[in-house]
There are 2 protein chains.
Amino acid sequence: MTALMLTRPLLRSRLSGEIENILLKGIIKGQLAVGEKLPTERELARDLVVNRSTVREALGRLESLDLVEIRHGDGVYVKNYLESGNLELIRAMIRLDDRQRDDIIAALLEFRTIIGPEMAFRAAENRTEEHLVSLEEVIWKNEDLSILEKDIRVHHIIALAGANVLYLTLLNFFNKFVVEYGYLYFNDQENVKRSQRFHEEIYHAIRDRNAGLARKIMKDVLLYAQNVVVDTLQIGKKSNRR
Amino acid sequence: MTALMLTRPLLRSRLSGEIENILLKGIIKGQLAVGEKLPTERELARDLVVNRSTVREALGRLESLDLVEIRHGDGVYVKNYLESGNLELIRAMIRLDDRQRDDIIAALLEFRTIIGPEMAFRAAENRTEEHLVSLEEVIWKNEDLSILEKDIRVHHIIALAGANVLYLTLLNFFNKFVVEYGYLYFNDQENVKRSQRFHEEIYHAIRDRNAGLARKIMKDVLLYAQNVVVDTLQIGKKSNRR
DNA sequence: AATGATTTATTGGTCGGACCACCGGACCAA
DNA sequence: TTGGTCCGGTGGTCCGACCAATAAATCATT
């Protein structure tokens, strides 16, 4: 894997997707008040110069995100996105509102630092022989995996061993950011070495069912990563202000 | 609000919604393998005796849940739902597979018990005068609110004060279950009193910026609730086995 | 005048059929 | 082997029509 990933797939736009983004933005930015009734599908289609089916597909996806409520025979109503309980919204907030980006990423890292160690603790308690084999595969075999992929898989196996479906879900959520920005972290060879050391240490702790140690190891590495990224963001802020 | 919520809105079936559920179930239960190519929209429409538009709306929602990937000019492919990072899936798993229900709920309670106290800690550190006023409103004014609504609002304000968008999102997610099953907990008057005591104590801790105390208070109440519910689920299991 | 049943206009849900945009593979040519 | 072209199939959009549910207006009854 190249560091800069020059050839990334273009994101094809779908007409219904653009409409979805327009409304999504309107809701998150508060231009569409909570409880407000949207124009009818036919009106939206007319105003956007688009077919009603296309509008419907956009609205359907928005309802799937719990951003609107579609009432048959009545209309479409805006819901409070702050009460939606949908992770995808966090990604949308970052995508649509750059000002909040750094704060949100900081919050994610803080959260991960709190929950990750506890899951490592449980992983060390509950791990089976299969989990160990999987970890060995990733850490010592599979030479062709990048450090980023290795790291993601190690965390994934730990989440599986921790046996908490919510943590697994959150980890997958985090990983979407790791995949996107992780190469920045691993550009520093020092961090690569640190990560390799982490993989070996956490493996031994989990193998020995030393839950307390596993928790500490995880806590240290997550805290370190958190600090690195937050520092980077701070630098970004300063350089923007000069 | 009545305890049993006798008048809950009927869940009107949407044809596209039923199709969505069918495919959702197939994916979660593993009948549709990861990477597998689904039948074409036209085929699905023909087999299900339904219009293609209806199939499309169902597939679009599934893509919104990150369960399938729709490739223009190619086809629709099943994704690995265990890597989707979507909270809504957890709800779907509970809805579609009763066997996992208790385990998942136990995992959610465990998670909440880990993260809630830390957020209370941060809330005590970051709270503003406005947060205190909001808490006072809910706890001592607003006599007409049920204990369940009060509890939800108190936690919500704490999440706002904690200023972590991810925790706010998760809390909203948790609350969907609290709204659904919370009356069971509050049927016991002892738990109602315990909750009222909790509201007052956590308020004072947050007001005094006593972060450590706020964390302990939150931890105690969440641990207690966790134990109560898990015990209840255990009873359910036993009675099923008799 | 108040209440309850009924009608009506509006809105979302489904339909079928058409055409466009895109993809993958087959085929061909350099 | 490489690159270009063509072609069948697939998802994306469009059109116009009708079905089904809702809310508001209307009417009938008391």
Side-chain angles (χ1 to χ4, degrees), chain A residues 7-24 26-27 32-80 84, chain B residues 7-24 26-27 32-80 84:
Chain A
T7 60
R8 63 167 61 193
L10 303 174
L11 37 101
R12 317 216 146 280
S13 62
R14 230 180 321 208
L15 211 44
S16 61
E18 291 190 36
I19 297 174
E20 185 185 350
N21 273 337
I22 290 174
L23 296 175
L24 179 61
I27 292 174
L32 298 172
V34 174
E36 183 175 342
K37 186 174 180 175
L38 258 50
T40 68
E41 295 178 348
R42 290 168 176 88
E43 281 176 326
L44 280 174
R46 176 167 45 76
D47 296 348
L48 296 170
V49 193
V50 92
N51 191 270
R52 190 177 150 218
S53 313
T54 308
V55 172
R56 279 184 57 76
E57 298 200 0
L59 291 176
R61 285 175 135 89
L62 288 177
E63 188 181 53
S64 201
L65 289 176
D66 207 14
L67 286 177
V68 301
E69 181 180 350
I70 303 176
R71 300 189 200 148
H72 187 176
D74 186 354
V76 182
Y77 294 83
V78 177
K79 296 188 70 173
N80 185 352
S84 77
Chain B
T7 62
R8 63 167 57 195
L10 304 174
L11 34 104
R12 318 216 147 282
S13 59
R14 226 177 327 205
L15 212 44
S16 61
E18 291 189 37
I19 297 173
E20 185 186 349
N21 274 338
I22 291 173
L23 296 175
L24 180 60
I27 293 174
L32 298 172
V34 175
E36 182 176 343
K37 185 173 181 175
L38 256 51
T40 67
E41 296 177 348
R42 290 169 176 86
E43 281 176 327
L44 281 174
R46 175 167 47 74
D47 296 349
L48 296 170
V49 193
V50 92
N51 192 269
R52 189 177 152 217
S53 313
T54 308
V55 172
R56 280 185 57 76
E57 299 200 1
L59 291 175
R61 286 173 132 91
L62 287 177
E63 187 180 54
S64 201
L65 289 177
D66 208 12
L67 285 178
V68 301
E69 181 180 349
I70 304 177
R71 299 188 200 148
H72 187 175
D74 186 354
V76 182
Y77 294 83
V78 177
K79 296 188 71 172
N80 185 351
S84 76

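Chain naming here is simple, since letters A, B, ... match the order of the sequence lines and numbering starts at 1 in each.
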TODO: Can you measure from CG (Asn51(B)) to CZ (Arg56(B)) and round to the nearest 0.5 angstrom?
DONE: 11.0 Å
TODO: Send over the distance from Leu48(B) CG to dC15(C) C1', rounded to a whole Å.
DONE: 15 Å
Open item on the list: Less than 4.0 angstrom between a side-chain N/O of Thr54(B) and OP1 or OP2 of dC15(C), yes or no?
Closed with: yes
- [ ] Report yes if some heavy atom in the side chain of Ser64(B) is under 4.5 Å from a heavy atom in the side chain of Leu65(A); otherwise report no.
- [x] yes
TODO: Round to a whole Å and report the spacing from CG of Asn51(B) to C1' of dC18(D).
DONE: 12 Å
Task: 4.5 Å side-chain heavy-atom contact, Leu38(B) and Leu59(B) - done: yes
Task: Side chain to side chain, Leu48(A) and Leu15(A), heavy atoms closer than 4.5 Å - done: no
Nucleotides 7-12 of chain C: which of its N/O atoms have a protein N/O under 3.5 Å away?
unit_1  : atom_1 : unit_2   : atom_2 : d
dT11(C) : O3'    : Asp74(A) : O      : 3.4
dG12(C) : OP2    : Glu41(A) : N      : 3.1
dG12(C) : O4'    : Gly73(A) : N      : 3.4
dG12(C) : N7     : Arg42(A) : NH1    : 3.0
dG12(C) : O6     : Arg42(A) : NH2    : 3.2
dG12(C) : N2     : His72(A) : NE2    : 3.2
dG12(C) : N3     : His72(A) : NE2    : 3.2

Open item on the list: Taking 4.0 Å as the cut-off, does a side-chain nitrogen or oxygen of Ser16(A) come that near to OP1 or OP2 on dT13(D)?
Closed with: yes
Task: Length of the CZ-P vector between Arg46(B) and dG9(D), whole Å - done: 13 Å
Task: Stepwise side chain to side chain contact (heavy atoms under 4.5 Å, CB included) check, Glu57(A) with Ile19(A) - done: CA-CA 9 Å; Glu57(A) 298 200 0; Ile19(A) 297 174; over 6 Å; no
- [ ] Taking side chain to side chain donor-acceptor pair (under 3.5 Å) as the test, write out the residues that go with Arg61(B), two or more places apart.
- [x] Glu63(A)
